[in-house]
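The block underneath contains the structure these notes are about, expressed in structure tokens.
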Amino acid sequence: MHIVEHETANKRFLIHDNGDIAAVMTYVISSPELYIIDHTLVENAYRGQGLGDKLLKAMVEYARENSIKILPLCPFAKGRFDRIPEYADVLNK
């Protein structure tokens with residue numbers, strides 16, 4: 001099972017597999033209330049396993065818990081926000 005870790009010092013959510021990074025989502029803090037998702041990467045060997053969605057779900061949960069809005073600039077995250085209405089509460093409009 002792939003577990004999402006949040007490295008606040010490095011401003012990223014990631015999933016490890018056998019010591020290697022399988023997937024990562026990075027963000028920039030625009031203000032204490034606004035985070036910008038700027039990049040999502042899933043290594044080729046792990047594509048099609050839903051790891052990007054797991055990263056985004058963790059980011060959304062973190063945003064909800066901390067009253068943060070998200071601006072998804074990365075194409076993957078933006079596409080998911082467009083398709084998943086349940087995430088609208090944390091979307092910076």
Side-chain angles (χ1 to χ4, degrees):
M1 181 169 189
H2 297 112
I3 301 195
V4 177
E5 299 174 42
H6 184 194
E7 292 183 348
T8 54
N10 294 319
K11 298 177 188 72
R12 66 184 185 172
F13 288 83
L14 63 147
I15 298 172
H16 282 102
D17 187 43
N18 296 320
D20 295 323
I21 294 177
V24 62
M25 176 176 285
T26 61
Y27 60 89
V28 176
I29 300 173
S30 178
S31 74
E33 299 85 28
L34 179 63
Y35 285 19
I36 300 167
I37 299 174
D38 61 351
H39 184 67
T40 305
L41 173 71
V42 177
E43 293 295 336
N44 288 336
Y46 299 94
R47 294 204 175 166
Q49 299 178 32
L51 300 189
D53 287 316
K54 286 183 180 187
L55 293 170
L56 184 59
K57 182 178 179 189
M59 178 82 183
V60 167
E61 289 172 359
Y62 179 80
R64 287 177 177 150
E65 292 167 4
N66 294 280
S67 301
I68 296 167
K69 294 292 185 183
I70 297 173
L71 177 61
L73 293 185
C74 125
F76 170 81
K78 179 165 181 0
R80 289 303 195 256
F81 269 95
D82 289 345
R83 289 187 208 109
I84 303 173
E86 294 84 8
Y87 290 170
D89 61 312
V90 296
L91 180 62
N92 185 60
K93 298 177 183 178

Identify each donor-acceptor pair in which a side-chain atom of residues 83-93 lies under 3.5 Å from a protein atom, sequence neighbours left out, and give them as a table.
residue	atom	partner	partner atom	Å
D89	OD1	R64	NE	3.3
D89	OD1	R64	NH2	2.9
D89	OD2	R64	NE	2.9

Compile the donor-acceptor pairs under 3.5 Å between side chains in residues 31-41 and protein atoms, sequence neighbours left out, one pair per line.
residue	atom	partner	partner atom	Å
S31	OG	E33	N	3.3
S31	OG	L34	N	3.3
D38	OD1	T26	OG1	2.6

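- The 12-atom threshold is exceeded at NZ of K69, counting heavy atoms of other residues, nucleotides or ligands nearer than 6.0 Å.
- Linking Ile, Leu, Val, Met, Phe, Trp and Tyr whenever their side-chain heavy atoms come within less than 4.5 Å leaves I70 and L14 in two separate clusters.
- Residues L51 and V24 fall into different hydrophobic clusters, defined by Ile, Leu, Val, Met, Phe, Trp and Tyr side chains chained together at heavy-atom separations under 4.5 Å.
- Counting heavy atoms from C-beta outward, N44 and R47 have side chains that approach closer than 4.5 Å.
- Partners of D53 under the side chain to side chain donor-acceptor pair (under 3.5 Å) rule, at least two apart in sequence or in another chain, are R80.
- L55 has its side chain within reach of I15: a pair of non-hydrogen atoms, C-beta onward, lies under 4.5 Å apart.
- Considering CD1 of I68 and OG of S30, their distance stands at 11.5 Å, rounded to 0.5 Å.
- Legend: residues meeting side-chain contact (heavy atoms from CB on, under 4.5 Å) with D20, ordered by chain and number and at least two apart, are absent.
- When all heavy atoms of K54 and H2 are compared, the pair lying nearest together is NZ-O, 3.9 Å.
- By the side chain to side chain donor-acceptor pair (under 3.5 Å) test, N10 pairs with E7, sequence neighbours left out.
- Among residues two or more places apart in sequence or in another chain, the ring pair (Phe, Tyr, Trp, His ring centres under 6.0 Å) test is passed with H6 by F13, Y27, Y62.
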Going through the distances and angles, do I21 and E43 end up as a side chain to side chain contact (heavy atoms under 4.5 Å, CB included)? CA-CA 8 Å; I21 294 177; E43 293 295 336; 5.8 Å; no
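- Hydrophobic clustering keeps L71 apart from L56 (ILVMFWY residues linked when any side-chain heavy atoms are closer than 4.5 Å, directly or through intermediates).
- Distance check, rounded to the nearest 0.5 Å: CE of M59 to CE of M25 gives 7.5 Å.
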